[in-house]
Structure formats: C-alpha cells, structure tokens
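Each ligand, and each atom within it, is numbered from 1 in the order the structure gives.
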Amino acid sequence: MLDFFKSRKLIGLDIGSHTVKVVQLQKKGERQRLESLASMQIASEIQEEADPALRNEMLAEAIKSVLKENKITCKNVVSSIAGDSVIVRYVKLPLMSEEELKNVISLEAEQYIPLAIDQVVLDFFILGEVEEEGIQKIEVLLVAAKEEIIDMHVQLLRLVGLNPIAIEVDTFALQNSYKLNYGLNEGETICLINIGAKLTTINVLEDGVTHLTRDVAVAGNNFTREIQREFDITFADAEALKKTDGKVLIESEDIMQMSIPKEDDNAARIGEAITPVLNKLVAEIQRSFDYYESSIRKKSISRIVLSGGSGKLRSLDKYLADKFDMAVEINDPFREIIIPDKEFDHEFIFEQAQKFNIGVGLALRQME
Ligand SMILES: Nc1ncnc2c1ncn2[C@@H]1O[C@H](COP(=O)(O)OP(=O)(O)OP(=O)(O)O)[C@@H](O)[C@H]1O
Ligand SMILES: [Mg+2]
C-alpha cells in the first residue's frame with residue numbers, strides 16, 4: 001500500500017517535434033509545488049530521422065540524458081500525443097446514460113471519425129444536455145486516437161526506462177493547466193492557442209471545458225522557413241535569427257515605418273517575410289471561431305490565451321489582439337504553482353514559462 005502512495009509521484013513529459021519538456025510537480029496541501037523542470041531541444045538528426053523505430057531509439061537516449069543531467073529519478077510518467085493521430089469532435093447524440101454510451105460508442109463514432117474504427121482508441125466526455133427541435137440530446141466530446149501512434153509513444157517511454165501512467169492529448173493538458181492556474185471562468189468562452197514548432201493547438205473552452213479543438217499544421221517551423229528563404233541562410237541560422245530579431249508587424253503601428261524594409265533592418269524583413277504564415281494562422285483561428293459560434297453555440301469568444309514556444313515571437317500577442325479585436329493574454333502555467341527559491345531561478349522560469357504549459361497540464365494527473 002505504501003508503495004502505491006509513493007508511486008503517485010510523476011512527471012509530465014511533453015515530447016514536441018522541436019523540444020522535449022519535463023515538469024515534475026508535487027501536491028503540497030492545496031497547492032502544487034514545482035519539483036523539477038527541464039527541457040531539451042531535439043537534435044536535427046533525430047528530428048529528421050525518417051525511420052520511426054530508429055528515431056524512437058535516438059530520442060530515448062537523448063531523453064535519458066536530460067533526465068540524468070537534471071537528476072530526475074521519478075519513473076512514472078504522463079505524456080501526450082497530438083496532431084493527425086488524434087481527432088476530437090463535438091457531437092450531439094440521443095439522450096442516454098454514460099453506461100449506454102460506452103456500449104454504443106464505437107458505432108456512434110464511426111460516422112464522425114475519419115479513421116478505421118478498429119484501429120483507434122476511443123474516449124468521450126459528456127458535456128451536458130441540449131434541446132434540439134424539441135428533442136432532448138446529449139452533447140458529447142468524442143476523442144479518437146490512432147492505436148499505432150499510442151503504441152509507438154508508449155514504446156518510446158519504455159525505451160527511456162519510464163513507466164507510462166497515461167497518454168493524454170496535448171489539448172486536454174492545456175485545458176488542465178489553464179484550469180489550475182486561472183479557474184473555470186464560468187459564463188465565459190475563451191480560446192487557448194498553443195503554438196509549437198509544427199503544430200498550433202486551438203482549444204475553445206466554454207465554462208472551462210473544451211467544446212472545440214483542432215491542431216493545425218501552421219507554427220514555428222513555417223516562420224523559420226520563410227526567414228530562411230528571405231535571408232538565404234540555413235534553417236538553424238534562421239531559427240537563431242527568429243529568436244534574436246524576429247518580430248510581427250502590427251499594421252496600426254509598424255507598417256507606416258516599415259513598408260520599405262531597409263536591407264539592415266532584420267526585424268522589418270522578418271516581419272514581412274512571415275506575414276503569409278500569420279495570415280494562414282489567423283484564417284485557421286477564424287475558422288475555428290466561426291465553427292464554434294455558428295454550429296456549437298451562439299456565444300462569442302471573448303479572449304485568447306497564448307502559449308507554446310512560438311508564443312514568444314515578439315508582438316504576436318498584439319498582432320492577434322488587433323486581428324481579432326479581443327484581449328490576448330500570455331499564459332503563465334506557473335501562476336498558481338509554488339516555485340522554491342533555492343532550487344529554481346525565477347527569471348529563467350519566467351523567460352521559458354510558455355513552452356511548459358502542456359508539460360504542467362500533464363504533470364497534474366497526479367492529483368486524480
Ligand atoms: N523567442 C522565440 N521567438 C520565436 N519563436 C521561438 C522563440 N523561442 C522558441 N521559439 C519557437 O518555438 C518552437 C518550439 O516550441 P515548443 O517547444 O512549444 O514546440 P514543440 O512542442 O517542440 O513543437 P510541436 O508541438 O509543434 O511538435 C520552435 O519553432 C522555436 O523556434
Ligand atoms: Mg508541442
């Protein structure tokens with residue numbers, strides 16, 4: 001029995017395509033305390049390895065060393081998947097109990113999930129009841145994940161020598177982290193946007209609960225590629241330049257001064273080069289808003305909360321605020337977490353916080 005309680009310690013491991021993030025939390029009374037925090041950029045030869053089994057082996061070795069360097073000995077882990085391998089759909093079904101739905105879920109899911117039903121793992125959440133044309137229905141969030149991808153992920157974690165407790169979906173980790181740090185915001189609909197390297201996760205939360213979520217393949221790498229093209233440099237150099245000089249042009253402020261980029265003004269050149277990517281991203285966000293506001297609820301979204309490594313791109317928050325005419329806040333995943341002074345450098349954490357949002361959400365599983 002005691003061992004069981006001991007083993008409730010766990011790490012949240014967010015394995016992105018660009019960076020691996022590790023977060024260990026421990027519950028102290030009512031609050032969470034940070035125990036360990038680490039991140040590692042994935043070497044380009046690992047990122048580019050096409051053979052998934054070999055890539056897993058290389059990645060496992062790299063994760064092992066980051067855990068060792070940071071003296072993280074905890075073996076229990078919650079990790080996540082995202083992107084094409086996961087589909088989340090809001091559906092309305094005839095009124096039935098949770099038990100009944102369990103029995104018919106794969107039948108019901110078939111028409112909504114464009115994946116072979118026998119090759120996916122299904123899950124669902126009943127959000128509530130609605131009346132539609134005089135008929136009482138249940139609102140359900142249907143989650144389907146490709147079994148093969150989950151298996152691959154579990155295999156990777158085992159190669160690292162870890163003990164997987166659960167495989168979560170990025171978007172629900174975002175929801176959990178937001179709930180801990182900011183509460184449910186009942187009566188309000190907000191949109192969490194996490195911009196990584198390959199993927200942008202969009203999650204519309206109504207009363208703190210996901211009602212619409214999508215991953216779109218427009219993110220940090222697209223910015224980098226545009227910078228690479230504009231400056232005719234390597235991808236790695238473009239990454240570095242993006243971080244030092246990258247900035248989004250704000251129409252109301254910058255265009256006047258910057259419409260004719262000077263050769264030496266990197267920020268202006270970058271700003272112009274990445275504009276097509278930003279337009280695509282805005283269009284994808286707008287599509288999600290339109291879908292939510294027309295098909296799910298007649299409510300409007302009041303605010304955007306931004307996170308992910310690419311959320312650090314300078315002025316991106318202002319740009320989105322301008323485009324959507326709403327407040328854009330930078331998510332602080334450590335807002336309600338105790339960070340012991342002796343062990344952690346607050347300034348470093350403040351600097352890096354945004355990219356740890358999913359990791360924090362994963363580490364929160366220990367509370368359940
Ligand atoms: N200061 C910065 N300015 C702009 N972009 C940045 C900055 N710091 C990091 N990034 C970008 O953030 C991305 C990495 O963020 P993150 O760790 O959230 O991605 P990931 O989880 O590895 O990717 P994904 O989930 O999309 O597979 C990279 O594209 C990187 O270039
Ligand atoms: Mg990510």
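Using a 4.0 Å cut-off between charged nitrogen and carboxylate oxygen, E139 and K137 do not count as a salt-bridge pair. Taking the charged nitrogens against the carboxylate oxygens, K280 and E284 have no contact shorter than 4.0 Å, which rules out a salt bridge.
Where the criterion is an N or O separation shorter than 3.5 Å, residue side chain and backbone included, T224 fails it with respect to ligand 1. Backbone and side-chain nitrogen or oxygen atoms of G16 are examined, and none is located within less than 3.5 angstrom of a nitrogen or oxygen of ligand 1. Between K21 and ligand 1, at least one N/O pair is under 3.5 Å apart. At least one N or O atom of S17, backbone or side chain, sits closer than 3.5 Å to an N or O atom of ligand 1. For the pair E239 and ligand 1, the shortest N or O to N or O distance falls below 3.5 Å. No N or O atom of G220 sits closer than 3.5 Å to an N or O atom of ligand 1. Residue K243 places no N or O, backbone or side chain, under 3.5 Å from any N or O of ligand 1. Any N or O atom pair closer than 3.5 Å counts here, and T19 shares at least one such pair with ligand 1.
The other members of the hydrophobic cluster of I105, by chain and number, are I87, V91, L93, L95, M96, L101, V104, Y112, I113, L115, I117, V120, L122, F124, I126, I138, V140, L142 (side-chain heavy atoms under 4.5 Å, ILVMFWY only).
Taking the six-membered ring for Trp and thresholds of 30 and 60 degrees, F125 and F172 have ring planes more than 60 degrees apart, a perpendicular arrangement.
Looking at G246, A197, G359 and measuring to atom 19 (O) of ligand 1, the nearest heavy atom belongs to A197.
Counting protein heavy atoms only, atom 10 (N) of ligand 1 is closest to G309 O, 3.4 Å. Of all protein heavy atoms, the one closest to atom 13 (C) of ligand 1 is S310 OG, 3.6 Å.
In this structure, a donor-acceptor pair under 3.5 Å is absent between the side chains of S307 and N331.
Counting non-hydrogen atoms of other residues, nucleotides and ligands closer than 6.0 Å to CG of D290 gives a total above 12.
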